[in-house]
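Heads up, the thing below is written out as structure tokens.
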Amino acid sequence: MIMESKVVFIGAGNMAEAIVSGMVAGGFCAPEKIIMTDVRPERLADLEREYGVSISTDNNVVKNAEIVVLAVKPQAMAEVLKGIMPVLRKETLVVSIAAGIPTAKIEAALGGKRRVVRVMPNTPALVGQGASAIAAGTNADEADLEVTENILSCVGLTVRVKEKELDAVTALSGSGPAYVFYLLEGMLAAADKMGLDKETARRLALKTVEGAARLMDDTGEAADALRAKVTSKGGTTEAAIRSLDEAGVKDAIVQALLAAQKRSVELSK
Ligand SMILES: NC(=O)c1ccc[n+]([C@@H]2O[C@H](COP(=O)([O-])OP(=O)(O)OC[C@H]3O[C@@H](n4cnc5c(N)ncnc54)[C@H](OP(=O)(O)O)[C@@H]3O)[C@@H](O)[C@H]2O)c1
């Protein structure tokens with residue numbers, strides 16, 4: 001499937017680059033259809049050279065866009081929306097990847113009845129392995145969700161949720177990569193203590209995380225069932241899991257995600 005719409009990305013940061021890179025590399029969108037804007041001309045010049053997209057330091061280029069992707073940091077959003085409001089066409093689809101900004105706020109800042117789709121991506125999108133959830137605002141329709149899904153699918157998995165579920169998604173997959181890195185920090189610190197060479201340990205640990213995820217995905221089995229399969233009575237895994245249980249690690253993880261969800265709700269206000 002090839003997208004013919006003209007897309008403007010406002011904010012040419014890491015996330016915007018990842019998405020554009022995926023769109024162009026996969027042949028989903030011709031670079032001539034994409035305009036990236038930013039306040040940093042040198043950053044834009046790099047992106048023009050790398051992907052062949054058009055660039056501008058003027059957000060008013062949205063006036064010809066069929067789709068606008070808002071990819072600035074949440075704290076820059078109010079100023080950006082205020083700036084584009086007078087020139088944005090009524091029929092333009094607005095896709096926001098900014099964390100914690102409800103579609104209602106975006107609709108209101110753009111003067112009311114706007115088609116807005118909100119996305120919660122995660123950082124593995126930078127290597128085409130993202131997990132994104134998308135949610136429609138009040139005026140966005142099925143076609144809007146479909147086009148957003150197609151764009152985000154260029155950098156990984158995309159699922160649809162209700163907007164009120166985005167705080168839970170933020171806690172699960174938005175912040176999720178950090179939990180995996182936290183686990184890896186512990187695994188690698190232990191490997192170091194046990195005298196393993198750093199590079200060897202890194203390769204083994206990374207493949208273990210990747211392989212375990214793949215095993216769970218391919219078999220469709222539950223996490224606890226797969227864990228039981230590698231835990232023989234009186235063995236090494238059992239010793240490790242007993243230690244984790246004694247420290248209350250599973251409950252701490254549950255509490256951690258609930259804390260992230262709570263914070264996401266607070267930040268959206
Ligand atoms: N769930 C997640 O893990 C996740 C991950 C990444 C991103 N996100 C969301 O994605 C969005 C982008 O994140 P990012 O990491 O790509 O941010 P980023 O690298 O900071 O990119 C934003 C870019 O927008 C530029 N900018 C600032 N004000 C602007 C304006 N008025 N007009 C045009 N451009 C402007 C910034 O320039 P300066 O640097 O000079 O200000 C920067 O180059 C954020 O809203 C974030 O919440 C979510």
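For the numbers below, each heavy atom of this structure counts, side chains included, while hydrogens, waters and symmetry mates do not. One-based numbering, in listed order, for ligands and for the atoms of each.
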(request) Return the residue, atom name and 0.1 Å-rounded distance of the protein heavy atom closest to atom 9 (C) of ligand 1. (result) Ile97 O, 3.1 Å

(message) Between Asn122 and Ser173 (side chain of the first, backbone of the second, donor and acceptor by atom type, cut-off under 3.5 Å), is there such a pair?
(response) yes

(request) Just let me know how Asp38 lines up against ligand 1, side chain, backbone, both or neither, with a heavy-atom cut-off below 4.0 Å. (result) both

(request) Could you give me the CA-CA distance, side-chain angles and deciding distance for Thr170 and Gln261, then say whether side-chain hydrogen bond (donor to acceptor under 3.5 Å, both in side chains) is met? (result) CA-CA 7 Å; Thr170 303; Gln261 181 195 28; over 6 Å; no

(message) Please work out, at 4.0 Å between heavy atoms, whether the side chain, the backbone, both, or neither of Glu17 comes within that distance of ligand 1.
(response) neither

(message) side-chain hydrogen bond (donor to acceptor under 3.5 Å, both in side chains) for Asn59 and Thr37? Distances and angles first, verdict last.
(response) CA-CA 6 Å; Asn59 290 342; Thr37 77; 2.6 Å; yes

(message) Can you report which non-hydrogen protein atom sits closest to atom 21 (O) of ligand 1, along with the distance?
(response) Gly13 CA, 3.1 Å

(request) Return the residue, atom name and 0.1 Å-rounded distance of the protein heavy atom closest to atom 5 (C) of ligand 1. (result) Met15 CE, 3.4 Å

(request) Would you mind finding which of Ile101, Asn59, Thr57, Asn14 brings a heavy atom closest to atom 33 (C) of ligand 1? (result) Asn59

(request) May I ask you to identify, for Ala125, whether its side chain, its backbone, both or neither come under 4.0 Å of ligand 1 on a heavy-atom basis? (result) neither

(request) Would you indicate which of Val169, Leu81, Val39 comes nearest to atom 38 (P) of ligand 1 when only heavy atoms are counted? (result) Val39

(message) Which of the numbered atoms in ligand 1 are under 4.0 angstrom from any heavy atom belonging to Pro74?
(response) 44 (C), 45 (O), 47 (O)

(request) Specify the protein heavy atom at minimum distance from atom 17 (O) of ligand 1: its residue, its atom name, and the distance to 0.1 Å. (result) Lys73 NZ, 3.1 Å

(message) Could you work out, with salt bridge (Lys or Arg N to Asp or Glu O under 4.0 Å) as the rule, every residue matching Glu48, not counting sequence neighbours?
(response) none

(request) Could you tell me whether Thr170 approaches ligand 1 through its side chain, its backbone, both or neither, with non-hydrogen atoms closer than 4.0 Å? (result) neither

(request) Select the closest option to atom 4 (C) of ligand 1 among Ala12, Ala18, Pro121, judged by heavy-atom distance. (result) Pro121

(request) Starting at CG of Leu226, measure out to OG1 of Thr231 and round the result to the nearest 0.5 Å. (result) 10.0 Å

(message) Give the atom numbers and elements of ligand 1 that come within less than 4.0 Å of a heavy atom of Arg40.
(response) 37 (O), 39 (O), 40 (O), 42 (C), 43 (O)

(message) Among all protein heavy atoms in this structure, tell me which lies nearest to atom 24 (O) of ligand 1, with the distance rounded to 0.1 Å.
(response) Gly11 CA, 3.2 Å

(message) So is Arg43 touching ligand 1 or not, going by heavy atoms under 4.0 Å?
(response) no

(message) If the cut-off is 4.0 Å to any non-hydrogen atom of Ala99, which atoms of ligand 1 fall inside it?
(response) 45 (O), 47 (O)

(request) Measure Ala71 to ligand 1 on non-hydrogen atoms and call it side chain, backbone, both or neither using the 4.0 Å cut-off. (result) backbone

(request) Could you find the nearest protein heavy atom to atom 44 (C) of ligand 1 and give me its residue, atom name and distance? (result) Val72 O, 3.4 Å

(request) Would you mind listing which atoms of ligand 1 come within a distance below 4.0 Å of any non-hydrogen atom of Met120? (result) 1 (N)

(request) Sorted by first residue and then second, give each side chain to side chain donor-acceptor pair (under 3.5 Å) pair with at least one member in residues 64-75; sequence neighbours left out. (result) none

(request) Please could you name the atoms of ligand 1 that Asn122 approaches to less than 4.0 Å, counting only its heavy atoms? (result) 2 (C), 3 (O)

(message) As an exercise, state the distance from CG of Leu145 to CZ of Arg115, rounded to the nearest 0.5 Å.
(response) 10.5 Å

(message) Looking at Glu266 and Lys262, is any side-chain nitrogen of the basic one under 4.0 Å from a carboxylate oxygen of the acidic one?
(response) yes

(request) Pull out every atom of ligand 1 sitting under 4.0 Å from any heavy atom of Gly174, numbered as shown with elements. (result) 1 (N), 3 (O)

(message) Using a strict threshold of under 4.0 Å (side-chain N to carboxylate O), is an ion pair present between Glu107 and Lys113?
(response) no

(message) For ligand 1, which is the ligand I care about here, please tell me if Val80 has any N or O atom under 3.5 Å from one of the ligand's N or O atoms.
(response) no

(message) Rounded to the nearest 0.5 Å, what separates atom CG in Leu183 from atom CE in Met187?
(response) 5.5 Å

(message) For Arg43, is there an ion pair with Glu17 - N to carboxylate O distance below 4.0 angstrom?
(response) yes

(message) Any salt bridge linking Asp192 with Lys198? Criterion: basic side-chain nitrogen under 4.0 Å from a carboxylate oxygen.
(response) yes

(message) Any heavy-atom pair between the side chains of Ile35 and Phe9 that's under 4.5 Å?
(response) no

(request) Looking only at distances, please establish whether an N/O atom of ligand 1 is found under 3.5 Å from an N/O atom of Ala76. (result) no

(message) Please identify which of these residues, Val95, Val159, Thr148, Ile97, meets the side-chain contact (heavy atoms from CB on, under 4.5 Å) condition with Ile134.
(response) Thr148

